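Fair warning: this is a prediction, and the values are worked out from it, not measured in the lab. Only this structure's heavy atoms are used, side chains among them; waters, hydrogens and symmetry mates stay out.
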Amino acid sequence: MVMAMSFEKLWQKISPWLGPLGRAYSFLICTRNMAYERGLLKSHEVPAKVISVGNLSLGGEGKTPLVIWLAEFLKTHGIKAAIVTRGYRGRIKGPVLAGNHGKVLFPTEDIGDEAVLLSLKTKIPVIVARDRVAGAHLAIEKTGAEVVILDDGFQHLRLQRDLDLVLMAPGRDPFKEKVFPAGYLREPWPALKRASAFIITKSLPEHLEAQKLAEKLKNLGKPIFWSPFESENPYKLKDFWQGEKKAIKKGREKAIAFCGLARPEMFFKTAEKFFSLAQKIPFEDHVKYDQAKINYLLAQKERASASVFVTTEKDAVKLKKFVQALEPCYLLPIEAKPEEALERFILEGLKNNEAPR
């Protein structure tokens, strides 16, 4: 039994009875979207290109690895970019410059785990802002950004964008799933018509579930690209905050794997390539680690006679003060590896005044 999963398990049990609330929320979202379409609510333009990376579901599609890849891709093409993110579960509303040149300027508790990870991994300016329009203006004025990467921006219609990239991971059918709180969708599936392109993540084209998803998405008449995720060799948690990370060779140490992800299945599957997993512990997405959770992990390690822990880089940003307690603990880096066709699509979209449709 994992104490941190109680809320999600409770929600899964009661969600079939939340249909009326889901329909009410769906109606409100559709009304809001229509207001933007008809100009009743204003969508703001900023003096820079905007690329939104988002999804239709509550999470688990792999936005963070894709945003990191996009930042690196733009950097290699000499394009000055900045990331604007909400700073989910952080205390600061912003807009603030949360990180730059790989230096994090606020504690994780203030700006959220994703903002910290994006700052450390991309080394480009990261702006935290609940108001994304204000965040985009700050990115342009303070950092000279030519392109604003809007993290998790598909539903944030107040900010106009040049490219609207929507991530989809196989495993859930958006055309059958219900809207929150009755299901996992943030808005009804017809919202996908707003997308510039779809990116199917965490899978290769030859996988059957991915093929089924791609076939359904084709009916929307938008480009579809593939971005499988690949893992690098694990490295020590204590090296995470250092510039140099010493990767270990593939071994079969007995490990306790834990993470706080919306859809942890891929992490656990990947971890099994490097370790002999004695136990898999999925906490809730964006979990906040405290001494009680660390004690729980240590107890499970002792009970299973495991020798190491393994977790994700996203979790690592919240484990700085527990490094010694968890030693030895390894991190499993995950990278997005999109096809070259997506690169060409993005560059073409940035050249045009309007994104290719």
Indicate yes or no for a side-chain donor-acceptor contact from [X] to the backbone of [Y] under 3.5 Å, with no hydrogens or angles considered.
{"X": "Thr76", "Y": "Phe73", "value": "yes"}
{"X": "Glu146", "Y": "Lys80", "value": "yes"}
{"X": "Thr201", "Y": "Glu61", "value": "yes"}
{"X": "Lys222", "Y": "Lys193", "value": "yes"}
{"X": "Arg161", "Y": "Leu159", "value": "yes"}
{"X": "Arg172", "Y": "Ser57", "value": "no"}
{"X": "Lys103", "Y": "Ser119", "value": "no"}
{"X": "Gln211", "Y": "Glu206", "value": "yes"}
{"X": "Thr108", "Y": "Lys318", "value": "no"}
{"X": "Lys320", "Y": "Val317", "value": "no"}

Can [X] and [Y] be counted as an ion pair, charged N to O under 4.0 angstrom?
{"X": "Lys314", "Y": "Glu114", "answer": "yes"}
{"X": "Lys351", "Y": "Asp162", "answer": "no"}
{"X": "Lys269", "Y": "Glu272", "answer": "no"}
{"X": "Glu109", "Y": "Lys288", "answer": "no"}
{"X": "Glu72", "Y": "Lys75", "answer": "yes"}

Can you name the closest pair of heavy atoms from [X] and [Y] and give their distance?
{"X": "Thr311", "Y": "Cys259", "answer": "OG1-CA, 4.1 Å"}
{"X": "Asn33", "Y": "Arg194", "answer": "ND2-NH1, 3.4 Å"}
{"X": "Thr122", "Y": "Val126", "answer": "OG1-CG2, 4.4 Å"}
{"X": "Leu97", "Y": "Pro125", "answer": "CD1-CB, 4.0 Å"}
{"X": "Phe106", "Y": "Ile111", "answer": "CB-CG2, 3.6 Å"}
{"X": "Leu18", "Y": "Pro181", "answer": "CD1-O, 3.5 Å"}

Between [X] and [Y], is any pair of side-chain heavy atoms under 4.5 Å apart?
{"X": "Ile29", "Y": "Val179", "result": "no"}
{"X": "Pro264", "Y": "Phe258", "result": "no"}
{"X": "Lys176", "Y": "Lys216", "result": "yes"}
{"X": "Pro338", "Y": "Trp69", "result": "yes"}
{"X": "Lys202", "Y": "His207", "result": "no"}
{"X": "Lys293", "Y": "Val287", "result": "yes"}
{"X": "Glu215", "Y": "Lys212", "result": "no"}
{"X": "Arg32", "Y": "Leu157", "result": "yes"}

Roughly how far apart are [X] [atom1] and [Y] [atom2], rounded to 0.5 Å?
{"X": "Asn295", "Y": "Gln300", "atom1": "CG", "atom2": "CD", "value": "11.5 Å"}
{"X": "Lys218", "Y": "Phe198", "atom1": "NZ", "atom2": "CZ", "value": "13.0 Å"}
{"X": "Lys254", "Y": "Leu277", "atom1": "NZ", "atom2": "CG", "value": "11.0 Å"}
{"X": "Asp173", "Y": "Glu209", "atom1": "CG", "atom2": "CD", "value": "10.0 Å"}
{"X": "Ser52", "Y": "Leu163", "atom1": "OG", "atom2": "CG", "value": "9.5 Å"}

Does either side chain, that of [X] or that of [Y], offer a donor lying less than 3.5 Å from an acceptor on the other one?
{"X": "Asp315", "Y": "Tyr289", "value": "yes"}
{"X": "Asp164", "Y": "Ser196", "value": "no"}
{"X": "Tyr296", "Y": "Gln291", "value": "no"}

>> Under 6.0 Å from the ring centre and within 45 degrees of the ring axis: does the NZ or CZ of Arg252 meet both conditions for the six-membered ring of Phe275?
In response: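 No, Arg252 does not lie over the aromatic ring of Phe275.
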
>> Show, in sequence, the C-alpha distance, side-chain angles and deciding distance for Leu58 and Leu185, and conclude whether the side chain to side chain contact (heavy atoms under 4.5 Å, CB included) test is met.
In response: CA-CA 6 Å; Leu58 293 177; Leu185 298 187; over 6 Å; no

>> According to salt bridge (Lys or Arg N to Asp or Glu O under 4.0 Å), does anything in residues 81-96 pair up with another residue at least two apart or in another chain? List the pairs.
In response: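 For residues 81-96: Arg91-Asp110.
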
Looking at [X], I want to see if its [atom1] is surrounded by more than 12 non-hydrogen atoms of other residues, nucleotides or ligands under 6.0 Å.
{"X": "Gln324", "atom1": "CD", "result": "no"}
{"X": "Phe229", "atom1": "CZ", "result": "yes"}
{"X": "Tyr36", "atom1": "OH", "result": "yes"}

> Centres of the Phe345 and Phe225 rings: under 6.0 Å?
Replying inline: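 Close enough - the centres of the two rings lie under 6.0 Å apart.
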
>> side chain to side chain contact (heavy atoms under 4.5 Å, CB included), that's the test. Do Leu342 and Trp226 meet it? Break it down for me.
In response: CA-CA 8 Å; Leu342 177 60; Trp226 298 86; over 6 Å; no

Can you give the donor-acceptor pairs under 3.5 Å from side chains of residues 327-337 to other protein atoms, not counting sequence neighbours?
| unit_1 | atom_1 | unit_2 | atom_2 | d |
| --- | --- | --- | --- | --- |
| Glu327 | OE2 | Lys236 | NZ | 3.2 |
| Glu335 | OE1 | Lys337 | NZ | 3.1 |

> Taking it one step at a time, do Leu40 and Met34 satisfy side chain to side chain contact (heavy atoms under 4.5 Å, CB included)?
Replying inline: CA-CA 8 Å; Leu40 300 176; Met34 190 178 297; over 6 Å; no

>> Show, in sequence, the C-alpha distance, side-chain angles and deciding distance for Asp151 and Val53, and conclude whether the side chain to side chain contact (heavy atoms under 4.5 Å, CB included) test is met.
In response: CA-CA 5 Å; Asp151 174 48; Val53 179; 5.6 Å; no

